[in-house]
Novice: 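Next up is a structure, given as structure tokens.
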Amino acid sequence: MQQSYNPKEIENAAQQHWDQRQAFRASDTSDKPKYYCLSMFPYPSGKLHMGHVRNYTIGDVLARYHRMKGFNVMQPMGWDAFGLPAENAAMANNVPPAKWTYSNIDYMRKQLQSLGLAIDWSREVTTCTPEYYRWEQWLFTRLFESGLIYKKTSSVNWDPVDNTVLANEQVIDGRGWRSGALVEKREIPMYFFRITQYADELLSDLDKLDGWPEQVKTMQRNWIGKSYGCDIEFPYDAGIGKTATLKVYTTRPDTLMGATYVAVAAEHPLATQAAADNSALADFIAECKRGGTAEAVMATMEKKGMNTGLFVIHPLNGERMPVWVANYVLMGYGEGAVMAVPAHDERDFEFARKYKLTIRQSIAVKDKSFSNTAWQDWYANKDGVCVNSAKYDGLSFQPAFDAIAGDLAAKKLGEKKVQFRLRDWGISRQRYWGCPIPIIHCASCGDVPVPDEQLPVVLPEDVTITGAGSPLAKMREFYECVCPKCGGKAKRETDTMDTFVESSWYYARYASPGCTTGLVDERARHWLPVDQYIGGIEHAILHLLYARFFNKLMRDVGVFGPDAASVKTFDEPFTNLLTQGMVIAPTFYREDTSGKKFWLNPADVDVTADAKGRPTGATLRADGKPVIIGGTEKMSKSKNNGVDPQGIIDQYGADTARLFMMFAAPPDQQLEWNDAGVEGASRFLKRVWNFGVRVKNAEGSANTPDLQKRTRLEIHTVLKQANADMDKHQFNTVVSAAMKILNALDRLAGTKEEFVHEGLSILLRLLAPITPHISQALWKELDFKKLGYSDDILDAPWPQVDESALVQDEIELMIQVNGKLRGNLLVAKDTDKVKLEQLALAHEAVQKLLAGGVAKKVIIVPGRLINVVI
RNA sequence: GCCGGGAUGGCGGAAUUGGUAGACGCGCUGGACUCAAAAUCCAGUAUUCGCAAGGAUGUGGGGGUUCGAUUCCCCCUCCCGGCACCA
């Protein structure tokens, strides 16, 4: 046995041992209960960052813990390999996206392996391979045929200089990130998944997800946003004696009598019509179309509008209402038009004040007086009654809602309607590095799905990316084809799919590695659903909602078997979810003369701080000149603030990296990266090793029975708490428990007795999921067979609390006076309340404060404290 | 702007869910060992008044409920995540 801790050596040995045993190959046929433990797969951006280490260590701790608990554990890994950064890297370094991606994967796989993760690598999935995306294309064609995928036009960010579509991330302050050109919205045809058809099920099934954080379910509920409202039609003269109607949706039909104008989106047909002979309006509409499509930008923009000069008729009171174009009305939500009730909607109120439009109160709330000059926030509660609303006066929210909806229905100018905030999922991307959409455009047959025997539509891997336009649209050999229906000349679709599509079903593919007959085979029925999913909180909505949607799609298409629709376990993909808090780090940048930002890695920057530790400035180490301090944000490639864990692994070993990461904070809490303290984690592992050496070489003993008893009491008390912490995934306090156990053991004189072996066996098993290498090595060196365990810690059971060690005769109670701690009392465990009260009142600190007076009341919290109120 | 979350010593964090605030670790201070340093070990370490005993204050800010509040309620500030083409 090595006399000192040598992580490199023991980690290599342990990893080799696991490889030889094929220790983490998951059996598809085991009798043990299955535990499918899945961490969100990484985008292969180049190298691991701390967020990855955190994510995969958490997953590994859970996987190894459940193995010790007797589960048949499957923990796979793969690569979310399509995506925008590969194209950016291609432009920056002149290397094809495929080559860049595959070499990143090779490097990152080695990094992951060096962390000692208990992964079944035989199930590895890489989404950019034809074997994988072939089945995505197959599913696409099925969904297209069943109408769950359809085509419509939608807005994108258009860069008029590079003639290309930009991602929201590539639009900075309204300009294209490369060209600097003002971005504009452009309507283009795209394919959409009809996720809204599943809106109700996606909403109601959230109630079944008891293993999900409430926070995530709340966010998803709000995102889906089911609302009960009313469609209302406002008639208008469409010329040549015809009447048309403008449809709006509102959740507050009870305020209809307070509506004084309507507002439409810039893209609304009525706006287009009005602009035809109004150049000022046409200019305004053009202005609205400038800028990107991101909702955060739209919602924080200054509210602007312009009168179209058109009027619509109020459906109940017959008033003429002006039609405005407003930049805050979104074409993509509802009908692209709203009725405005400035008296009771804050946004409408501001707009009406700005453009001097009529504000008319139609709701009154008791004890609140109305003002049309300053906004008052008492409308949202729905606790008022109608006023100035003719026959509806005096009605409260629901009766008014029903009466107005009824009257509108009678006039055929409206009806109650349930509406979702959730929009259909547009998946067309005018990009190269993605899964080709398997559609062929034929002049006579229309959009024809690629037949099964022609799948996969393989993405050519040898391309040059220029950043202008879509590469596939320029590749004749890719898009020229014949129509599968009529055999005529046809053109292949050159858009690729949103990369969220690949990550929406990979968890199922892991359950059927190598399957060539479908997305999955019968093995998926054994493994699905995923028992534990682990990933960053930033995925709380989009990825997790899409994956839930896809699971339902696959169920309904029969991917999990013809009976899947009636099997409850196929309703949801992830039974338990752990949302890891993000690892965040400061960002630093410099700007060039055009204002373009260049992001600098925190590792290359020195920060100066004031006495309170607040940063006062930063300089780039390379040139000693100042850099600008940005926000503290999640580690990302685009902000270049990712910290590479390799340095820590090289210097201290994987166990230290894992231990420190688990000790730094509870998994679901955000973690501001700081490596001060890594040394402490390493120091602890050295102490563990040294203690192992001491036990191995020990002779005889000098520990008294009393010390034995106290040590066992301490160890089992700590273990009990650690078990509870493990089950609530609070790994930082499990690490702290391991430290306490070592502290207790380390205080002992002799080390040969059985209780010392017992304590060490508990310590090593407690640490095994977190620091598997050192646990493996020490377990092998010390003989635990006489305690009844096998000689490989992988097969050892999770430690059990010995309740008999917890029995105590005396307990310590706190003495409080008026809720303030004044002393303590050591009493026999079963002392009755009368006696306790006597003892408390007789306590010298209580006597002193009573000063001869009488206590008003004595509160006894059993086993805890006595509070004397005076 | 909207939705979700967070704030506790110099730092990361703990607190049996309303009952000893600061476990465990980092850092710092002092000591032991050493020619010296590193490593290791021992002791101390919320702030403040006090020689001490002991007292007062203290969980982002303001209010409230309670014998007792980091924990429950109301209001506010700041930070982080998401907002549908970053993944």
Novice: Can you tell me the distance, in whole Å, between the CG atom of A:D668 and the P atom of B:rG13?
Specialist: 12 Å

Novice: Are A:R747 and A:E714 within salt-bridge range, i.e. N to O under 4.0 Å?
Specialist: yes

Novice: Quick one: is A:R683 getting a side-chain N or O under 4.0 Å of the B:rA39 phosphate, OP1 or OP2?
Specialist: no

Novice: Between P on B:rG19 and CG on A:N818, what's the gap in Å once rounded to a whole number?
Specialist: 19 Å

Novice: Verify salt bridge (charged side-chain N to carboxylate O under 4.0 Å, His left out) between A:D498 and A:R429, making sure each step is shown before the conclusion.
Specialist: CA-CA 6 Å; A:D498 181 358; A:R429 299 289 179 269; 3.0 Å; yes

Novice: Is A:R687 side chain donor-acceptor paired with the B:rU40 base, going by distance under 3.5 Å alone?
Specialist: no

Novice: Judged by each residue's nearest nucleotide on RNA chain B, which is more toward the 5′ side, A:K728 or A:G680?
Specialist: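 Residue closer to the 5' terminus by nearest nucleotide: A:K728.
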
Novice: Distance check: side-chain N/O of A:R822 vs OP1/OP2 of B:rG55, anything under 4.0 Å?
Specialist: yes

Novice: Using a distance-only criterion (donor-acceptor N/O pair, under 3.5 Å, no hydrogens), is the base of B:rC85 paired with the side chain of A:N168?
Specialist: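 It does not, because no donor-acceptor pair links the side chain of A:N168 to the base of B:rC85 below 3.5 Å.
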
Novice: For A:N743 and B:rG25, is the shortest distance between a side-chain N/O and OP1 or OP2 below 4.0 Å?
Specialist: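 Yes, such a contact exists.
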
Novice: Given atom CD of A:E633 and atom C1' of B:rG82, what is their separation to the nearest angstrom?
Specialist: 13 Å

Novice: Can a donor-acceptor pair under 3.5 Å be found between the side-chain atoms of A:Q816 and the base atoms of B:rG19?
Specialist: yes

Novice: Do A:F660 and A:Y652 have ring centres separated by under 6.0 Å?
Specialist: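 Not under 6.0 Å, so no.
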
Novice: Work out how far the P atom of B:rG64 is from that of B:rG55, and round it to whole angstrom.
Specialist: 27 Å

Novice: Round to the nearest Å and state the distance from A:Q580 atom CD to B:rG5 atom C1'.
Specialist: 15 Å

Novice: For B:rG13, does OP1 or OP2 lie under 4.0 Å from any side-chain N or O of A:Q669?
Specialist: yes

Novice: Ignoring backbone atoms, establish whether A:K820 has a side-chain N or O less than 4.0 Å from OP1 or OP2 of B:rU57.
Specialist: yes

Novice: Distance check, P atoms only: B:rA69 and B:rG62, in whole angstrom units.
Specialist: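 That atom pair is separated by 15 Å.
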
Novice: Considering only heavy atoms and no angle criterion, is a donor-acceptor pair shorter than 3.5 Å present between the side chain of A:Q430 and the base of B:rC85?
Specialist: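 Looking at the base of B:rC85, it does pair with a donor or acceptor on the side chain of A:Q430 (distance under 3.5 Å).
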
Novice: Is there a donor in the side chain of A:Q220 and an acceptor in the side chain of A:R548, or the other way round, less than 3.5 Å apart?
Specialist: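 Note: A:Q220 and A:R548 side chains meet the donor-acceptor criterion.
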
Novice: For A:A664 and for A:H539, locate the closest nucleotide of RNA chain B by heavy-atom distance; then report the residue assigned to the nucleotide nearer the 5' terminus.
Specialist: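 Whichever sits nearer the 5' end wins; that is A:A664.
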
Novice: Looking only at side-chain N and O atoms, does A:T218 come under 4.0 Å of OP1 or OP2 in B:rG4?
Specialist: no

Novice: Taking the six-membered ring for Trp, are A:Y328 and A:F351 closer than 6.0 Å centroid to centroid?
Specialist: yes

Novice: For nucleotides B:rA52 and B:rU20, find the distance between their C1' atoms and express it as a whole number of Å.
Specialist: 24 Å

Novice: Find the distance A:M814:CE to B:rA21:P and express it as a whole number of Å.
Specialist: 9 Å

Novice: Taking the C1' atom in each of B:rG10 and B:rU47, what is the distance between them to the nearest angstrom?
Specialist: 12 Å

Novice: When the P atoms of B:rU17 and B:rG13 are considered, how many whole Å apart are they?
Specialist: 23 Å

